[in-house]
Protein chains: 2
Amino acid sequence: MKLINQLSKETGIPIGTIRFYEKSGLIKGELKPEVKTNNYVYYGEEAADKLRFILMAKAVGFTLHEIKEVIDMWYEKTISKKAQLKVLDQKLLQIDEKISELNAMKAQIFICKTNIQNR
Amino acid sequence: MKLINQLSKETGIPIGTIRFYEKSGLIKGELKPEVKTNNYVYYGEEAADKLRFILMAKAVGFTLHEIKEVIDMWYEKTISKKAQLKVLDQKLLQIDEKISELNAMKAQIFICKTNIQNR
DNA sequence: ATAAAGTATGAAGTATACTATATAGTTTAA
DNA sequence: TTAAACTATATAGTATACTTCATACTTTAT
């Protein structure tokens, strides 16, 4: 269990952003009931994993809302198996679409490069 | 050559957004000098191609600024071949990074699915 | 013991990317 | 010919995702 500063250093995500993600319901830390002099929040590996996932997903254009949909499936036990798998399968489709679009972009850029070289 | 309404219908991008992209320097229409009763702007296939490229690039998380960098190489003749190819090669690297991240996300989601199924 | 560094909270500010509104002129179809 | 539809311009407003600031308390290092 680590404090926000360590979590920030570990993931490369600024403290302010981590707090913003926590307020947005993407990650969750916990108070240690035995600590009574302060209200410092502690984060486990789960939070670190989620932050790393957020970084990846954001880099490929998913919104925080879309990311939350997946993350909620991650550890959520109250939703039916079927519903959980459905959400995840939808995301897999979206990911494949994005991969297709990236490949289409590559093709376009190759064409553009060829045009430039033949000038 | 088409007016903004037709361009919008062809690409699925709202007129307001097209105007915003033009103001941002991503696309460019032209006035017809022979038309003197109005100042309607006409767009060619180049603008339509660029808009389709913008759609793809945005879907995979590129910012308008990053997209503009590529688009400027597209038809720009004032920049040296070498500089143009350098920018495009950088984008190709970024695209490959994004594909890697998408594959990593797929792997994570598969693990998550397996966990759910084994509950 | 005290200054520096870390933590929590709330509120305001910023950047990006639109989206809507108001105004005014132009074109087109009934 | 006139009302509906289209176009241009400028300005303001909105949503998302942070980022900064102010305040106050706690911990840590010297």
Side-chain angles (χ1 to χ4, degrees), chain A residues 1-44 47-48 50-72 94, chain B residues 1-44 47-48 50-72 94:
Chain A
M1 293 304 251
K2 47 211 155 213
L3 291 171
I4 197 160
N5 194 28
Q6 199 193 328
L7 184 63
S8 168
K9 274 172 190 151
E10 230 177 86
T11 58
I13 298 175
I15 289 176
T17 307
I18 293 176
R19 291 226 166 91
F20 172 73
Y21 289 159
E22 185 156 15
K23 259 194 288 184
S24 310
L26 284 151
I27 64 160
K28 220 172 131 34
E30 48 186 270
L31 295 168
K32 295 224 162 182
E34 68 267 28
V35 178
K36 284 181 174 92
T37 50
N38 65 37
N39 50 346
Y40 288 8
V41 176
Y42 291 82
Y43 300 91
K50 285 178 179 177
L51 288 179
R52 277 185 285 268
F53 184 78
I54 292 169
L55 272 185
M56 281 196 302
K58 266 177 45 61
V60 294
F62 284 102
T63 64
L64 291 186
H65 181 83
E66 288 170 325
I67 295 168
K68 187 167 152 43
E69 280 181 353
V70 179
I71 279 185
D72 283 348
Q94 276 190 55
Chain B
M1 293 304 251
K2 48 211 154 212
L3 291 171
I4 198 160
N5 194 30
Q6 199 192 327
L7 184 62
S8 167
K9 274 172 190 149
E10 230 177 86
T11 58
I13 297 176
I15 288 176
T17 306
I18 293 176
R19 292 227 164 90
F20 172 73
Y21 288 160
E22 185 156 16
K23 258 193 289 184
S24 310
L26 284 151
I27 64 161
K28 220 172 131 33
E30 48 187 271
L31 296 168
K32 294 224 163 183
E34 67 268 29
V35 178
K36 285 182 174 92
T37 49
N38 64 36
N39 50 347
Y40 289 7
V41 176
Y42 292 82
Y43 300 91
K50 284 178 180 177
L51 288 179
R52 277 185 284 268
F53 183 78
I54 292 169
L55 272 185
M56 280 196 301
K58 266 178 43 63
V60 294
F62 283 102
T63 65
L64 291 186
H65 180 84
E66 288 170 325
I67 296 168
K68 187 167 151 44
E69 280 181 353
V70 179
I71 279 184
D72 282 348
Q94 275 190 55

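Chain naming here is simple, since letters A, B, ... match the order of the sequence lines and numbering starts at 1 in each. All heavy atoms count here, side chains included; hydrogens, waters and symmetry mates do not.
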Query raised in the report: Between OH of A:Y42 and CG of A:L31, what distance do you get to the nearest 0.5 Å?
Result: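 Rounded to the nearest 0.5 Å, the OH-CG separation comes out at 9.5 Å.
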Query raised in the report: Taking atom NZ of A:K32 and atom CG of A:N38, what is their separation to the nearest 0.5 Å?
Result: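 The distance works out to 11.5 Å.
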Requested in this report: Applying side-chain hydrogen bond (donor to acceptor under 3.5 Å, both in side chains), name anything that partners B:D72, two or more places apart in sequence or on another chain.
Outcome: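 If we apply the side-chain hydrogen bond (donor to acceptor under 3.5 Å, both in side chains) test to B:D72, skipping adjacent residues, the hits are B:K68.
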**Report entry** Partner set under side-chain hydrogen bond (donor to acceptor under 3.5 Å, both in side chains) for A:E30, not counting sequence neighbours
**Finding:**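 side-chain hydrogen bond (donor to acceptor under 3.5 Å, both in side chains) list for A:E30, sorted by chain: empty.
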Query - Closest heavy-atom pair and its distance - B:A47, B:K28 - result: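 Looks like CB-O, 4.5 Å.
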Report task. Specify the closest pair of heavy atoms between A:L3 and A:V41, including all atoms of both residues, with the distance to one decimal. Result ->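 The pair with the smallest heavy-atom distance is CD2-O, 3.4 Å.
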Query raised in the report: Is A:T63 touching bases, backbone alone, or none of the nucleic acid, heavy atoms closer than 4.0 Å?
Result: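 A:T63: backbone/sugar contact only, no base atoms under 4.0 Å.
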Is there a side-chain contact between [X] and [Y] (heavy atoms, below 4.5 Å)?
| X | Y | result |
| --- | --- | --- |
| A:F53 | A:I71 | yes |
| A:E66 | A:V70 | no |
| A:K50 | A:L26 | no |

Query raised in the report: Taking DNA chain C as the partner, which of residues 28-44 of chain A come within under 4.0 angstrom of it by heavy atom?
Result: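 Per residue number, the list reads A:N39, A:Y40, A:V41.
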Query raised in the report: Which residues within residues 1-13 of chain B lie with some heavy atom under 4.0 Å of an atom in DNA chain C?
Result: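 Nucleic-acid contacts, sorted: none.
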Query raised in the report: Closer than 4.0 Å, any side-chain N/O of A:Y21 to the OP1 or OP2 of D:dC18?
Result: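 Yes.
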Query raised in the report: Hey, where on DNA chain C does chain A first and last touch, going 5' to 3'? Cut-off is any atom under 4.0 Å from a heavy atom.
Result: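 Contacts span C:dG6 to C:dT9, reading 5' to 3'.
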Report task. Please collect all side-chain hydrogen bond (donor to acceptor under 3.5 Å, both in side chains) contacts where either partner lies in residues 11-22 of chain B, sequence neighbours excluded, each pair once. Result ->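 Every side-chain hydrogen bond (donor to acceptor under 3.5 Å, both in side chains) pair that includes a residue of residues 11-22 of chain B, provided the two are not neighbours, is B:E22-B:Y43.
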